[in-house]
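Here the structure comes first, spelled out in structure tokens, and everything after it is commentary.
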Amino acid sequence: MPAPAPRPDSWIRTTPSGLYCEPGDFHIDPVQPAPRAVITHGHSDHARPGNERVLATAATLAIMRQRYGERAGGSLQPDGYGESLSVGDVSVSLVPAGHILGSAQAVIDYRGSRVVVSGDYKRRPDPTCAPFEPQHCDLFITEATFGLPVFRHPSDRREIEKLLHSLCLFPERCHLVGVYALGKCQRVIALLRAAGYDAPIYLHGALIGMSELYQSLGVALGPLLPCAGLTPEAVKGRIVLAPPAALADRWTRRLPEPVTALASGWMRVKQRAKARGVELPLVISDHADWDELTATLDDVGAGEIWVTHGNEEALVHHATRRGFKARALALSGFDEEEE
Ligand SMILES: [Zn+2]
Ligand SMILES: [Zn+2]
């Protein structure tokens, strides 16, 4: 008789550096430099510099190289979506997480037992990355950034229409939209293009490098122009994208009466929009909302759920009520701020 499959918690556990797979001898998204790391995606709270050996998708490796140069890792090993690789005594395959370009869930198999580490993910279509693929597993390790029933993201198309409508209403003003540099920026651009907006889009300097990288990796973004050195006249009636942190900077005074917008799942919370002086909140998130999180628990059919970061307690409570064995990991080092 074959030996029964080992329990997932006998071979994967949390350490001060993050999740650790013992029979593969690697960490997943370690918060401190590790000898061997599997990286789910390029956001800086997941992909950190200084690991000795890194396994990730080619796009994630390209993002890490762009951000960290030599410090991206001692050796960088690409793994294509769905290609299974042996690492120590386990096999690892990366499958799309639908979060940003290159984002992956790590599917880890050990002696008939399967663990999926989702990283960050969302379930709705995104023109800049491959869609999330649910994988059946014994243990599903999920994020819960928007893990409260109040978080139900509207359709991104409706949010983009709000922006385009405002553009029509205020042709003399410029629309300054706060977007995170990796993922959100390129998704907002791609959504604008999908909605038929084909004018040049102006980018703050901090957004140019990553947008060029997306384009070089095959994501079409249409005409993009730097906003450095522009006259106010040039951006009248135009869309200017900038990192959220730069929305209130001095350079924005050169813009013609900007309508300030911000694209984030947190814009669902009116006080947050108000506190940041955002006139036009756009609820566009790269993380699963409550309905997506709970549907995913059903889709993956795992007996056991671990919740890594965000609003863990509500999701754990929900999962327990639904008959899953569930617990919060309270991992540190992950941003609750949507990046
Ligand atoms: Zn992320
Ligand atoms: Zn994250």
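The model shown is predicted, which means the values in this text are computed figures rather than measured ones. In each ligand, atom 1 is the first atom listed, and ligand 1 is the first ligand listed.
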Same apolar cluster (I L V M F W Y, side chains within < 4.5 Å links), I284/V278: no

N/O/S atom name from H43 that is nearest to the position of the Zn ion (ligand 1): ND1

Atom nearest to the Zn ion (ligand 2) - D120, N, O or S atoms considered: OD2

The single option from R124, R187, R123 passing salt bridge (Lys or Arg N to Asp or Glu O under 4.0 Å) against D286: R187

Short N/O/S contact of H46 with the Zn ion (ligand 2) (below 2.8 Å): yes

Vertex the Zn ion (ligand 1), rays to NE2 in H41 and NE2 in H99 - rounded to 10°: 100°

Residues E279 and R173 bridged, charged N to O under 4.0 Å: yes

K122 and S285, any side-chain heavy atoms less than 4.5 Å apart: no

